Amino acid sequence: MLLLLLLMNDKVALGQDGDPVGSTQGGGGREMVPALFIFGDSLIDNGNNNNLPSFAKQIITPMMIYIFIIFFLFQNPEAELLGLPLIPAYSEASGAQVLHGVNYASATTGILDITGRNFVRTHISNSNEPGFPFDLNFNERILYLTRDPIISTKFLLHGQVGRVPFDQQIRNFQNTLDQVTDNLGASDVSNAIARCIFFVGMGSNDNLNNYLRPNYNTKNQYNAQQYADLLVSEYSRQLTTLYNLGERKFVLAGLGRMGCIPSILAQNQMDRCSEEVNQLVMPFNANVKTMINNLNANLPGARFTFIDIARMFEDLLTNYRSYGFSVIDRGCCGIGRNGGQITCLPFQTPCANREQYVFWDAFHPTEAVNIMFGRKALYGDQSVVYPMNIQQLTSL
C-alpha cells in the first residue's frame, strides 16, 4: 500500500533564497525546495474529499447513521522536512498559500478514471437493499456486515462516490499554475517550478478499489501483468503531462505489500498475507522502475526517483520487533476480524498503544511506520530508493 512519506520534523538547510514560488515564511528552516506539490490517494489526501459526495474523507463527521470509510490522515508533516509549512489541500488553498505547494490527493482515486467510482454509500438505518435485515438495530447491522467479506462488499461498495482521479488532479495543478503565473510572471514561475518536488503516490486503489472488486470486470479482462502494463502506460502519459507543464523533480512511491493489510487479512481464516494480492504489486513496481529509467533518459532535465515501499514493508513485517512494533496483523482502529472488515468509524475508540501497531485501520499504516519509511526515503540507499534518495534529489 502506498505510504505517506517524509513524516518528520527535521530541518535541512539546502534550499535557495529568492524564489517567487516558496518565497513566504516556511516551516521553520531554510527551504530545501521552493515548493512541494502532492498527488495521490487516501494516504495523502488532507481534505480534498471533504466537500465531495463521498464517505472517504479526511475529517471525522457526526453522521453515525452511516457506515463510513474514514481515512485518518496527517496534515502533510512531510513538508516540514523540506523546510516548508504544512501544504494545504487544493479545495482549501487560496492566495499566497499556494506558493509553498498544494496537495491535490483524493481518497479512493487512482491512475484510471473509473477507479473508486463504487464505494461506500449504504445507509445503515434505512437501507433499501434487497435482503437487508431490517429487524436488526444499528449495532447488529454493523455486525451483520462484518460476518462475511462478500456481504460487506455487497452492502458497502455501491453507489457513486466523489473523488478526484489523477487526470483531474493534474488539471487542478494546471489551474494553480495559471493562477501563480498570472500573479508572478511566466519566466520566474517556470524557473521555480523546475526546482520544486512533485510527490506522486498512485496505484493502490487501482487494485484495491478496482481490480479486486467483484463489481468491476477488470480482473476478467486482464491478468496481473497485463493490468500492470495498462496502469503504467497511463501513468507514463500522466507524468509526461506534468513534465510538459514544467516539473522536473519527481518522487514516485511504489506499491506496498497490499496482501498484508488488515482489510485483506480479514478475508481469510488463516490470518495470512494474500500472495495473490501481493503478486499484483510486483509487476506494477517493476514496470514503474522501468518507466522512470525511460523517462529519465528521454525527457531532458527530468529527475524521477522511486521509493520501494514493498521492500520496506517486507523488511518491516519480517523484523517488526526489532523496530519496536508488536502488532502486525490488525488495525489499531477497526471492526471485525483483524480490525479490517470495517475500517475505523467516527468516534470509535482506537487502541491505546498505537505506536506498537503497524496499521492504523483496515488500509493505512500508523504514523510510526510513516516516520520510519520517510527517513529511509530521505536518506536510504538504492535498495529502497532508486536511483537517488530525496536528499540527493533536492540538492540537484
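Worth knowing before you read on, the calculation uses all heavy atoms, side chains too, and leaves out hydrogens, waters and symmetry mates. Computed from a predicted structure; not experimentally measured.
- The minimum heavy-atom distance linking Gly334 with Gln348 is given by the pair O-NE2, 2.9 Å.
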Subject >> Trace of the side chain to side chain donor-acceptor pair (under 3.5 Å) decision for Thr115 with Asn209 >> reply: CA-CA 6 Å; Thr115 290; Asn209 287 312; over 6 Å; no
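- When side chains are defined from C-beta on, Tyr104 does not count as touching Ile38, because their heavy atoms never get closer than 4.5 Å.
- With rounding to the nearest 0.5 Å, the separation of NZ in Lys219 from CG in Asn207 is 10.5 Å.
- Formation of a donor-acceptor pair under 3.5 Å by the Tyr323 side chain with backbone atoms of Leu317 is not found in this model.
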Subject >> Stepwise disulfide bond (SG atoms under 2.5 Å apart) check, Cys333 with Cys351 >> reply: CA-CA 6 Å; Cys333 188; Cys351 64; over 6 Å; no
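- Between Cys260 and Cys273, the two SG sulfurs come within 2.5 Å of each other, short of that mark.
- No donor-acceptor distance shorter than 3.5 angstrom exists from the side chain of Ser236 to the backbone of Val232, with no hydrogens or angles considered.
- Within 6.0 Å of CD on Glu276 lie no more than 12 heavy atoms contributed by other residues, nucleotides or ligands.
- The environment of CZ in Arg272 is sparse: at most 12 heavy-atom neighbours from other residues, nucleotides or ligands sit within 6.0 Å.
- Side-chain contact between Thr305 and Phe250: absent, with no pair of heavy atoms (C-beta onward) separated by less than 4.5 Å.
- Between Leu208 and Ile261, some side-chain heavy-atom pair lies under the 4.5 Å cut-off.
- Of the possible donor and acceptor atoms, one in the side chain of Asn278 sits under 3.5 Å from a partner among the backbone N and O of Gly259.
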**OP:** For side chain to side chain donor-acceptor pair (under 3.5 Å), just list the numbers for Gln179 and Asn175, CA-CA rounded to whole Å, side-chain angles, deciding distance to a tenth of an Å, and then say yes or no.
**Re:** CA-CA 6 Å; Gln179 173 188 345; Asn175 291 338; over 6 Å; no
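- Residues Leu378 and Asn389 have side chains not in contact (no heavy-atom distance under 4.5 Å, counting atoms from C-beta outward).
- Not counting sequence neighbours, the partners of Thr218 by the side chain to side chain donor-acceptor pair (under 3.5 Å) test are Asn210.
- Under the 4.5 Å side-chain heavy-atom criterion for ILVMFWY residues, no single connected hydrophobic cluster contains both Met282 and Leu212.
- In this structure, the side chain of Thr109 does not engage the main chain of Ala105 through any donor-acceptor pair within 3.5 Å.
- Using a 4.5 Å cut-off on side-chain heavy atoms (C-beta onward), Val358 and Val327 make no contact.
- Looking at residues two or more places apart in sequence or on another chain, you find a side chain to side chain donor-acceptor pair (under 3.5 Å) between Asn338 and Asp271.
- Looking at residues two or more places apart in sequence or on another chain, you find no ring-ring contact (aromatic ring centres under 6.0 Å, His included) involving Tyr357.
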**OP:** Before giving the answer on side chain to side chain donor-acceptor pair (under 3.5 Å), spell out for Asp308 and Asn285 the whole-Å C-alpha distance, their side-chain angles and the decisive distance to 0.1 Å.
**Re:** CA-CA 8 Å; Asp308 196 339; Asn285 284 347; 4.6 Å; no
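- Salt-bridge formation is detected for the pair Glu275/Arg257: a Lys NZ or Arg NE/NH1/NH2 atom is positioned less than 4.0 Å from an Asp or Glu carboxylate oxygen.
- Looking only at distances, no side-chain donor or acceptor of Gln341 sits under 3.5 Å from a matching main-chain atom of Ile335.
- The two residues Gln392 and Ser395 have their closest heavy-atom pair at O-OG, 2.7 Å.
- When all heavy atoms of Asp113 and Pro165 are compared, the pair lying nearest together is OD1-CB, 3.4 Å.
- For the atom pair Asn223 CG and Leu280 CG, the distance stands at 10.0 Å (nearest 0.5 Å).
- Salt-bridge check for Lys376 with Asp315: passed, with a basic side-chain N closer than 4.0 Å to an acidic carboxylate O.
- Hydrophobic clustering (side-chain heavy atoms under 4.5 Å, transitive across Ile, Leu, Val, Met, Phe, Trp, Tyr) keeps Leu265 apart from Leu316.
- Under the 4.5 Å side-chain heavy-atom criterion for Ile, Leu, Val, Met, Phe, Trp and Tyr, Ile328 and Met270 are members of distinct hydrophobic clusters.
- In this structure, Ser274 OG and Gln267 CD are separated by 8.0 Å, a value rounded to the nearest 0.5 Å.
- By the ring-ring contact (aromatic ring centres under 6.0 Å, His included) test, Phe173 is found to be paired with Phe37, Phe198, residues two or more places apart in sequence or in another chain being considered.
- Only one option out of Leu396, Ile390, Thr394 pairs with Lys249 in a side-chain contact (heavy atoms from CB on, under 4.5 Å); it is Leu396.
- Ionic pairing of Glu234 and Arg237 is present here: one or more N-O contacts between side-chain nitrogen and carboxylate oxygen are shorter than 4.0 angstrom.
- What you find for Pro262 and Gly331 is that their closest heavy atoms are CG-N, 3.6 Å.
- Cation-pi check for Arg248 over Tyr243 is met; the charged atom lies under 6.0 angstrom from the ring centroid and within 45 degrees of its normal.
- Take Phe166 and apply the side chain to side chain contact (heavy atoms under 4.5 Å, CB included) test, not counting sequence neighbours, and it matches Phe39, Gln169, Ile170, Val200, Met202, Tyr235, Gln238, Leu239, Leu242.
- By the side chain to side chain donor-acceptor pair (under 3.5 Å) test, Asn220 pairs with Asn217, sequence neighbours left out.
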**OP:** Please lay out, stage by stage, how Tyr211 and Tyr227 fare under the test ring pair (Phe, Tyr, Trp, His ring centres under 6.0 Å).
**Re:** CA-CA 8 Å; Tyr211 192 84; Tyr227 191 52; 4.8 Å; yes
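- Both Phe199 and Met291 belong to a single network of hydrophobic side chains, linked directly or stepwise wherever heavy atoms of I, L, V, M, F, W or Y lie under 4.5 Å apart.
- With hydrogens and angles left out, the side-chain atoms of Gln174 and Arg171 include no donor and acceptor closer than 3.5 Å.
- A ring-centre distance under 6.0 Å is found for Phe313 and Phe373.
- For the pair Leu177/Leu245, a side-chain contact is recorded, criterion being any heavy-atom separation below 4.5 Å from C-beta on.
- Within the 4.5 Å cutoff, no side-chain heavy atoms of Tyr90 are placed close to those of Asn103.
- Inter-residue side-chain proximity for Leu299 and Phe304 is flagged as met; some heavy-atom pair is nearer than 4.5 Å.
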